[in-house]
Amino acid sequence: MQYTKCWLDWKEIPKEQKRKCYYRPVLLACGPVAATAGEEYCISMGEMLGREISLLEMADGCEPAVFLEVDGAMQTGARNEALAEQTFAIREEGDSIRITGRSEEALLQGVFAFTRMVSLAQLDEKLPFQCIPSMPLRMMDHWDDMDGSIERGYSGRSFFYDNYEILYNERTEMYVRLMASIGVNAIVINNVNVHERETYLITDAYLAQVKKYADLFARYGIRLFMCVNFAAPMQLGNIPVSDPLDPDVIAWWQDAVKHVYEVIPEFGGFLVKADSEGRPGPITYGRTQADGANMLARALAPYGGILIWRCFVYNCRQDWRDYKTDRARAAYDHFIELDGEFDDNVILQIKNGPMDFQVREPVSPLFGGLKRTNMMIELQIAQEYTGQQIDLCYLIPMWKEILSFDTYACGEGTPVEQVVSGRSYAQVNCGMAAVINTGDDENWTGNDLAGANLYGFGRLAMDPSLTAEEIASEWCRLNLSQSDEVAKVVVPMLMGSWATYENYSSPLGIGWMVSPPTHYGPDVDGFEYDRWGTYHRSDLHGIGVDRTDAGTGYVNQYNEPWRSIYGKMDTCPEELLLFFHHVPYTYVLKTGKTLIQHIYDTHFEGVEEVEEMQRQWASLEGKIPDRAFRCVSERFERQLANAIEWRDRINTYFYRKCGIGDEKGRKIY
């Protein structure tokens, strides 16, 4: 079973960086997670020191040591008890170092932070250090199916399942270590599209095996969640309906949940996709989304369970001839009138944008609309529409923009980060979730460089104040090489890759020009006349969707001043211009270029930028591990072919559509 250790592949540090105290770890705490913290210290520091390290039962008074302790009374300054329990601190005491967690779980995070600092030679500049995590819940959502496939998986097959059996081996243990090391504290182990066999995961057919995962996760301070089928009472209980207000349905779920907790007392709760893309839900019975969510939440509540309800609810049988119905409106229209009607242990999981993880979308207006409902943001590490781990697209700059977007929900100064972290409305059940990009490929993510998105999500959820460049530098040094020479190539490459992908694929926020059903590669009209509500509305005069008052009215879902800014063509941010407006090809942008010339130029520039990234990567041969070099080199070859196809198809399509030539006379077919 081949797999890399990613950022946990510790290398021996230089002799001058080795402190005497590192060799003497003293664990002053008991409990299973504290024991894990001690084990992780010994593994990591042993590799960095080049010798085996063992925990000491007590310290000699005159010998320096690294003390690992839990102090439930430590002062944290956290805004609520849930985050206080996750707080840790690292400080020097003479020649000794003390890593203190408010809880066992916090101590483990402190150990991972400490070993990261040691490896990166940052200890002197960082200490004393305290961390109060920003996001209470930091969740990975797996879209793994029990046959072993992964929906939108681009890194091999599942390492959780194969042929409807649950796997448990060294790889799953390594995976949990990786997740814990970046601060993940919740994992959903199955696809939100719950198929027939997966419906049985909450029954005795699989619960004993699921418990093995739950026990493993618990040792690393991670709670296990599962996706459930809203129609499970019909499939498993022979009840004719799954109406959330039906007494038999309510009783069935209460019994089912009770049994889950009898087997797995530390179970986290459920994630539900309902009333979307063919999934069953409360709308079938004339009930609201709150009716459906609260019914399940009340079954979980006695055990401390959480119900996460996705807001990805929309009509997927839209008529392309209908210029008023707008998929972008759907989540807000479904949920805004229900604000305040969800139980305290319900979290609405809201995609970062109103559509579906496009390379550029506006931020979902729900973050600025809901004020009495628990919320968490859903991101997609898996690059479904951003290159599928073939094309390089470092997503942390995008996520930073999203988290810093000012919703004006409570006036100026209400960014998304404050809303989903609970600061805006004093909420505890909130946070960040992401659709993960791992599979059983040796490097976990298909493309080694795609691992930066996985690592970066965890780091960002713990501390959104980190810059995208800081995260890229950490990842590069921990995964590829500590060399400044390598970092000077890789970090700028990562930082520019989102803009590059956008240049050759998606002009000014329009999106959706991908090939169905793979969502990879160009097909300008692939979704244009379909039922999914994903249109660009190109004609001989212009391109874009009118979402102003004269169009779908979507712009009115935003608070001012965004409503007015987005509503006018001359004030709308140009990177979103075509998302909100149908724009003539001859419209002059702030650069002085016409819209059509911008489309031509960016698509040519995108190819040139990929060629330059390929040249830069070639310069690293022999300076990074051969396996990673070969893997990424092969991916760049495929990315270049993809970028050329995007350039030629997009430019040719619009040239033939409008008849306006390229001012620079380049080859367009």
Report yes if some heavy atom in the side chain of [X] is under 4.5 Å from a heavy atom in the side chain of [Y]; otherwise report no.
{"X": "Phe88", "Y": "Phe114", "answer": "no"}
{"X": "Asp144", "Y": "Phe159", "answer": "no"}
{"X": "Tyr394", "Y": "Pro397", "answer": "yes"}
{"X": "Ile381", "Y": "Val435", "answer": "no"}
{"X": "Leu137", "Y": "Met376", "answer": "yes"}
{"X": "Glu469", "Y": "Glu474", "answer": "no"}
{"X": "Leu379", "Y": "Lys351", "answer": "no"}
{"X": "Leu494", "Y": "Leu392", "answer": "yes"}

Give a yes or no answer on whether the side chain of [X] reaches the backbone of [Y] with a donor-acceptor pair at less than 3.5 Å.
{"X": "Lys400", "Y": "Pro464", "result": "yes"}
{"X": "Arg477", "Y": "Gln482", "result": "yes"}
{"X": "Lys11", "Y": "Ser481", "result": "no"}
{"X": "Ser181", "Y": "Leu178", "result": "yes"}
{"X": "Asp141", "Y": "Ile436", "result": "no"}
{"X": "Thr172", "Y": "Tyr168", "result": "no"}
{"X": "Arg635", "Y": "Gln389", "result": "yes"}
{"X": "Trp617", "Y": "Phe629", "result": "yes"}
{"X": "Glu575", "Y": "Arg360", "result": "no"}
{"X": "Arg24", "Y": "Pro64", "result": "yes"}

Checking side-chain polar atoms at under 3.5 Å, does [X] have a donor or acceptor matched by the opposite partner on [Y]?
{"X": "Glu384", "Y": "Tyr154", "result": "no"}
{"X": "Glu105", "Y": "Gln109", "result": "no"}
{"X": "Gln639", "Y": "Tyr504", "result": "yes"}
{"X": "Glu609", "Y": "Asn503", "result": "yes"}
{"X": "Ser103", "Y": "Glu85", "result": "no"}
{"X": "Trp444", "Y": "Thr438", "result": "no"}

Residues [X], [Y]: salt bridge by 4.0 Å N-O rule:
{"X": "Glu92", "Y": "Arg19", "result": "yes"}
{"X": "Asp215", "Y": "Arg219", "result": "no"}
{"X": "Glu266", "Y": "Arg223", "result": "no"}
{"X": "Arg630", "Y": "Glu621", "result": "no"}

Looking at [X], I want to see if its [atom1] is surrounded by more than 12 non-hydrogen atoms of other residues, nucleotides or ligands under 6.0 Å.
{"X": "Asp344", "atom1": "CG", "value": "no"}
{"X": "Glu52", "atom1": "CD", "value": "no"}
{"X": "Glu16", "atom1": "CD", "value": "yes"}

Evaluation steps, side-chain contact (heavy atoms from CB on, under 4.5 Å), between Tyr22 and Ile97: CA-CA 9 Å; Tyr22 293 169; Ile97 291 174; 4.1 Å; yes
Supply the atom-to-atom distance [X] [atom1] to [Y] [atom2], rounded to the nearest 0.5 angstrom.
{"X": "Asn443", "Y": "Cys6", "atom1": "CG", "atom2": "SG", "answer": "7.5 Å"}
{"X": "Met139", "Y": "Gln349", "atom1": "CE", "atom2": "CD", "answer": "7.0 Å"}
{"X": "Ser465", "Y": "Glu470", "atom1": "OG", "atom2": "CD", "answer": "7.5 Å"}
{"X": "Tyr455", "Y": "Leu460", "atom1": "OH", "atom2": "CG", "answer": "11.5 Å"}
{"X": "Thr87", "Y": "Glu81", "atom1": "OG1", "atom2": "CD", "answer": "9.0 Å"}
{"X": "Lys212", "Y": "Leu167", "atom1": "NZ", "atom2": "CG", "answer": "11.0 Å"}

Looking only at heavy atoms, which two atoms of [X] and [Y] are closest? And how far apart?
{"X": "Pro25", "Y": "Tyr41", "answer": "CB-CE2, 3.3 Å"}
{"X": "Val419", "Y": "Tyr425", "answer": "CG1-CE1, 4.3 Å"}
{"X": "Ala628", "Y": "Leu480", "answer": "CB-CD2, 4.1 Å"}
{"X": "Arg152", "Y": "Ala382", "answer": "O-CB, 3.9 Å"}
{"X": "Ala214", "Y": "Leu224", "answer": "N-CD1, 3.7 Å"}
{"X": "Gly368", "Y": "Ala409", "answer": "O-CB, 3.6 Å"}

Intermediate values then yes/no, salt bridge (charged side-chain N to carboxylate O under 4.0 Å, His left out), Glu417 and Arg423: CA-CA 9 Å; Glu417 187 268 323; Arg423 286 205 294 274; 2.5 Å; yes
Salt bridge (charged side-chain N to carboxylate O under 4.0 Å, His left out) between Glu612 and Arg615, intermediate numbers included: CA-CA 5 Å; Glu612 178 58 24; Arg615 283 192 291 270; 2.9 Å; yes
Any cation-pi pair here, Arg171 with Tyr3, using under 6.0 Å and within 45°? no
From CA spacing to verdict: side-chain contact (heavy atoms from CB on, under 4.5 Å), Met462, Met135: CA-CA 6 Å; Met462 284 289 284; Met135 303 292 164; over 6 Å; no
Step by step, work out the side-chain contact (heavy atoms from CB on, under 4.5 Å) result for Thr4 and Asp9. CA-CA 8 Å; Thr4 66; Asp9 188 11; over 6 Å; no
Show your reasoning for whether ring pair (Phe, Tyr, Trp, His ring centres under 6.0 Å) applies to His142 and Phe225. CA-CA 10 Å; His142 281 266; Phe225 286 70; over 10 Å; no
Decide yes or no on side-chain contact (heavy atoms from CB on, under 4.5 Å) for Glu69 and Ile99, but give the supporting numbers first. CA-CA 6 Å; Glu69 66 179 3; Ile99 305 173; over 6 Å; no
Taking the ring centre of each residue, are Phe405 and Phe367 less than 6.0 Å apart? no
Would Glu47 and Lys5 count as a salt bridge (charged side-chain N to carboxylate O under 4.0 Å, His left out) here? Give the steps. CA-CA 12 Å; Glu47 292 176 1; Lys5 296 180 181 179; 3.6 Å; yes
Salt bridge (charged side-chain N to carboxylate O under 4.0 Å, His left out) evaluation trace for Asp448 with Arg627: CA-CA 9 Å; Asp448 283 75; Arg627 184 208 51 75; 2.6 Å; yes
